Amino acid sequence: MSICVLRAQMLPCKTVLSWTRGTGNRCDIARLRKCGVCYVPNLSPVSFPSRTLSNLATAHSGLARREMAENEALSRRQKVLTIDTMNANIKKVEYAVRGPIVQRAVQIEKELKEGVKKPFNEVIKANIGDAHAMGQRPVTFFRQVLALCSYPELLDDDKFPEDTKYRAQRILKACGGSSIGAYTASQGIECVRQDVSRYIERRDGGVPCDPDNIYLTTGASDGIVTMLKLLTAGEGRTRTGVMIPIPQYPLYSAAIAELGAVQLNYYLDEDKCWGLDISELQRSLQAASKHCNPRVLCIINPGNPTGQVQSRERIEDVIRFAAKERLFLMADEVYQDNVYAEGCKFYSFKKVLYEMGPEYFNTVELASFHSTSKCYMGECGMRGGYMEVINMDSEVKAQLTKLVSVRLCPPVPGQALMALVTNSPQPGEPSHAQFLKERTATLGDLAQKAKLTEEILNTVPGIRCNPVQGAMYSFPQITLPERAIREAKEKGQAPDMFYCMKLLEETGICLVPGSGFGQKEGTYHFRMTILPPADKLKILLSKVKEFHQRFTKCYS
């Protein structure tokens, strides 16, 4: 049997080769991949035995594979940056809050828009503390002043209260060219740092605060990472060890991995409402001293993801421990206005440190952090924040100022917003009544949702939720059937990741597995924010309850 190749005939590339004047030429590989057909031009009729044709096709296939391999190798050789040559520390970085669950949630949202049928109509993202995305309304006073700063022509508009105009003019006067589009001092606008200083003094009952110790930052996260950069040093057993609470906010583990420091876990006591036990700090420190140099102790208060509020007595114990062990204290206090539970109160580490007397206040090194993203403000996208440093060595402080100057300055709208948070309307000013009403309503609403979340989750067999004393999250423990745990491990997933992914696929609810925050071996959790509007939060909690019951029954 033979096959005739005719002039200008279309033939499958897998079957024939392109020929010109009786000489075999390779067909275009890219074209072959694209269409699977080779156009054979300007050929006179000629016949080939099918066996010869088969041999040619086989040879051609092998040649194509070799060429592809050579091209791929060449491509790799030409890349300066590859997965093998990149910074190895970056590959260790994980950030569960925007991890695989959230990425899948985004895909599902696209599928819903494209008309793909799901057992739900929308994705409810309860994975992150993004208040405005969850429907919380911006504070009118803040947005009015920011509008005036962005478009100063509005200063002539009678719709804006005089106190908003005064603050906008004060901020603009401190900016180059009276524009928030100009660079500012690297440490932040001076008058804003003065506002922050006075705010801290009021908050802490008169404890003095030097504006020169205030650094405005791109959210609290920027300040935290900057301090960890200063503190990370050494190699091998001299590498800096950073003590962080478990469960923790993944910013800490990610930054520690990126900087090549050593993560030192200390476990919060879930049975005592995520309490902090000094004996656990001691255990963690002693274990770490064998392989690194513990230098830093991080505290998150109120807690994220756990929602606990530390008592004054416990804060005193932590300060004594840090002083005794010569540890640098980092106090993450971004949820300081988010305290809901009866009997709980926020105490800043600086206030307690000062009131413990000169023995501690003049020696313990402390950096504390605050943000415009949380509390009643919820202005996450503005990226405003500050850090205050206490008892920092003067030469190190000069290095800190140099380090922040490399990035020129924090976003000026974020700086302006921090000025408004720390210099809000006072009694007698035109905006005070509305500001107080909005602030009180937002915090009151969060308190109700914190209670609602705890109560509903605790009605579900197999879910145990501690009181949400503060912050914006619950971190309930879930009991999973052994068969579900085995199946998750067979798929190479953490059991609570397996659980949360199924929850997302079946209900459209996006939560974060507890494994992304750290947890005691053999326990499983998820973190969910309490931010959705109350009616949507009730739907969310109801769906979680139904899913957990269905999941447990399915895998029992």
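The basis for the numbers below is simple: all heavy atoms, side chains too, and nothing from hydrogens, waters or symmetry mates. For the single chain, residues carry numbers from 1 onward in sequence order. Note that this is a predicted model, so its numbers are computed, not measured.
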Side-chain ([X]) to main-chain ([Y]) donor-acceptor, under 3.5 angstrom:
X	Y	value
Thr442	Arg439	no
Gln187	Asp212	yes
Ser474	Pro476	no
Asn293	Arg239	no

Taking atom types as modelled, is there a side-chain donor on [X] or [Y] under 3.5 Å from an acceptor on the other?
X	Y	answer
Thr184	Gln415	yes
Asn338	Gln336	no
Asn304	Lys374	no
Glu438	Gln434	yes
Ser431	Arg167	no
Gln519	Asp496	yes
Tyr473	Tyr249	no

Salt bridge flag under 4.0 Å for residues [X] and [Y]:
X	Y	value
Arg193	Glu190	no
Asp195	Arg170	yes
Glu454	Arg464	no
Asp277	Arg314	no

Minimum-distance pair of heavy atoms, taken over all atoms of [X] and [Y]:
X	Y	value
Leu446	Tyr340	CB-OH, 3.6 Å
Thr422	Met418	OG1-O, 2.7 Å
Leu537	Ile530	CD2-O, 4.1 Å
His370	Tyr199	NE2-OH, 3.8 Å
Asp222	Thr226	O-OG1, 2.8 Å

Handout entry: Steps toward salt bridge (Lys or Arg N to Asp or Glu O under 4.0 Å) verdict (Asp445, Lys449)
Key = CA-CA 6 Å; Asp445 187 45; Lys449 290 188 288 189; 3.2 Å; yes
Exercise for the section: Identify whether NZ of Lys or CZ of Arg in Arg527 sits under 6.0 Å from the centre of the six-membered ring of Phe475 and within 45° of that ring's axis. Expected result: no
Handout entry: Leu268 side chain reached by Glu280 side chain, heavy atoms, under 4.5 Å
Key =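 Heavy-atom side-chain distance check fails, nothing below 4.5 Å.
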